[in-house]
Q: 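This structure is in structure tokens; I'll ask about it shortly.
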Amino acid sequence: MAGQRDCQPRMKRVAIFGNAGGGKSTLARELAAITGLPLHVVDMLEFRPGGAAVPPEEYVRAHGALIAGEEWIIDGYGGKTVWERLDAADTLIHVDLPLAAHAIGVTKRLVKGLFSPPKGWPEGSPVIASSLSSYRVLWPCNRHLTPKYRSYVSGAAEKKRIFHLRSRRQIKEFLEATNREVSLARSNAA
């Protein structure tokens with residue numbers, strides 16, 4: 001796991017990003033439970049119950065207000081606003097698994113979504129259509145956006161806490177280490 005912990009302030013503004021199906025939403029929920037930071041899912045800002053998109057200007061306003069806040073975990077893409085979010089964050093978590101692992105994650109989400117809606121999705125979201133859309137973006141994201149994410153993370157390494165997670169095992173180890181760190185900080189504060 002690539003990460004900076006020594007002499008770094010506590011995470012307060014966390015951006016979780018990466019290709020579809022990498023487990024970002026699960027990671028975000030678990031991290032929010034560990035840290036107590038409020039979790040915000042970009043899809044909940046971009047889409048209304050049933051899957052209808054909110055007007056772009058409404059989304060941009062809501063996103064801007066959100067990243068101006070003092071504490072947050074934000075999970076999702078959100079088009080061009082992702083770069084504003086990465087700039088505003090003090091902690092970047094890039095979920096960057098092999099492409100096949102992302103495809104398997106989308107497939108698992110699709111199968112589970114046939115029986116119950118995915119956690120964190122707007123009510124009544126079209127699971128099949130959304131999953132098919134995720135399959136369509138896997139390769140273009142891997143080819144075009146992932147290298148941009150890697151470059152951004154590399155350039156931000158001296159100013160922000162960076163966690164570049166490249167396997168499910170690293171995700172698990174990151175959560176365990178964060179849990180230990182938060183528990184220690186709470187016991188020292190008590």
Side-chain angles (χ1 to χ4, degrees), residues 1-45 63 65-78 81-102 104-106 108-109 112 118-121 134 141-142 145-146 148-190:
M1 173 174 62
Q4 296 180 350
R5 290 196 179 274
D6 298 335
C7 302
Q8 293 289 329
R10 172 177 89 77
M11 62 176 75
K12 291 183 177 183
R13 303 167 102 198
V14 183
I16 300 175
F17 56 100
N19 206 341
K24 298 180 303 293
S25 296
T26 301
L27 167 62
R29 282 191 305 276
E30 291 181 22
L31 186 61
I34 291 168
T35 62
L37 293 171
L39 172 61
H40 304 277
V41 180
V42 170
D43 285 348
M44 299 293 279
L45 295 175
H63 181 268
L66 183 59
I67 65 172
E70 291 295 317
E71 293 188 337
W72 41 258
I73 295 172
I74 303 177
D75 160 40
Y77 176 55
T81 61
V82 70
W83 304 109
E84 296 169 17
R85 187 174 331 120
L86 299 184
D87 287 345
D90 61 47
T91 304
L92 304 176
I93 302 174
H94 182 195
V95 177
D96 187 12
L97 309 180
L99 185 58
H102 285 279
I104 290 168
V106 170
K108 285 181 179 178
R109 183 177 64 209
K112 287 180 182 177
K119 289 181 184 177
W121 283 30
S134 291
C141 180
N142 188 66
L145 191 54
T146 298
K148 290 178 184 176
Y149 284 154
R150 290 175 183 154
S151 177
Y152 185 95
V153 164
S154 177
E158 292 190 23
K159 297 175 271 182
K160 300 175 185 281
R161 289 180 92 174
I162 306 292
F163 300 94
H164 193 165
L165 307 176
R166 296 180 178 176
S167 70
R168 302 262 184 227
R169 182 177 182 181
Q170 285 185 349
I171 293 171
K172 181 179 182 230
E173 290 170 352
F174 164 76
L175 288 168
E176 290 170 350
T178 302
N179 193 25
R180 285 191 303 273
E181 179 181 306
V182 169
S183 295
L184 180 62
R186 286 180 181 149
S187 68
N188 287 341

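Only this structure's heavy atoms are used, side chains among them; waters, hydrogens and symmetry mates stay out.
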Q: Taking C-beta and beyond as the side chain, do L145 and Y77 meet within less than 4.5 Å on heavy atoms?
A: yes
Q: Go through the structure and list residues passing side chain to side chain contact (heavy atoms under 4.5 Å, CB included) with T146, not counting sequence neighbours.
A: H94, D96, C141, N142, R150
Q: May I have the step-by-step check of side chain to side chain contact (heavy atoms under 4.5 Å, CB included) for L31 and I93, ending in yes or no?
A: CA-CA 11 Å; L31 186 61; I93 302 174; 3.6 Å; yes
Q: What heavy-atom pair brings D87 and K160 nearest, and what distance separates the two atoms?
A: O-NZ, 2.8 Å
Q: Which heavy-atom pair separates D75 from A28 by the least distance, and what is that distance?
A: CB-CB, 3.7 Å
Q: I'd like to know if R161 and E181 make a salt bridge, using a cut-off of under 4.0 Å between side-chain N and carboxylate O.
A: yes
Q: Under 3.5 Å, side chain of T81 to main-chain N/O of G78, donor-acceptor pair present?
A: yes
Q: If I compare all heavy atoms of I162 with all of A157, which pair ends up nearest, and what's the gap?
A: CG1-CA, 3.7 Å
Q: With sequence neighbours left out, write down each residue that passes salt bridge (Lys or Arg N to Asp or Glu O under 4.0 Å) with K172, or none if nothing qualifies.
A: E176
Q: Do L86 and V153 have side chains that get closer than 4.5 Å, going by heavy atoms?
A: no
Q: Side chain to side chain contact (heavy atoms under 4.5 Å, CB included) for E173 and L165? Distances and angles first, verdict last.
A: CA-CA 10 Å; E173 290 170 352; L165 307 176; over 6 Å; no
Q: Return a table of donor-acceptor pairs under 3.5 angstrom between the side chains of residues 14-21 and protein atoms on other chains or two or more places apart.
A:
unit_1	atom_1	unit_2	atom_2	d
N19	ND2	L138	O	2.9

Q: State the CG-CD1 distance between L39 and I74, to the nearest 0.5 angstrom.
A: 9.5 Å
Q: Test side-chain hydrogen bond (donor to acceptor under 3.5 Å, both in side chains) on S25 and R109; report intermediate values, then the result.
A: CA-CA 11 Å; S25 296; R109 183 177 64 209; over 6 Å; no
Q: Is it the case that the side chain of R13 and the backbone of G69 share a donor-acceptor pair, with hydrogens and angles ignored and the cut-off at 3.5 Å?
A: yes
Q: Enter the distance from L37:CG to W72:CH2 here, rounded to the nearest 0.5 Å.
A: 10.0 Å
Q: Check side-chain hydrogen bond (donor to acceptor under 3.5 Å, both in side chains) between R166 and all other residues, then give those that pass, not counting sequence neighbours.
A: H164
Q: I need the L92 CG to R85 CZ distance, nearest 0.5 Å.
A: 11.0 Å
Q: Looking at OG1 of T26 and CZ of R29, how far apart are the two atoms once the value is rounded to the nearest 0.5 Å?
A: 4.5 Å
Q: Locate the shortest heavy-atom distance separating I171 from G22; write the atom from each residue and the value.
A: CD1-O, 3.8 Å
Q: State, with a plain yes or no, whether a side-chain heavy atom of V82 is found less than 4.5 Å away from one of Y149.
A: yes
Q: Not counting sequence neighbours, which residues clear salt bridge (Lys or Arg N to Asp or Glu O under 4.0 Å) with R186? List them please.
A: none
Q: Looking at residues at least two apart in the chain, or sitting in another chain, which of them share a side chain to side chain contact (heavy atoms under 4.5 Å, CB included) with K12?
A: R10, E71, D90
Q: Would you give the length of the straight line joining atom CG of L27 to atom CG of L175, rounded to the nearest 0.5 angstrom?
A: 5.0 Å
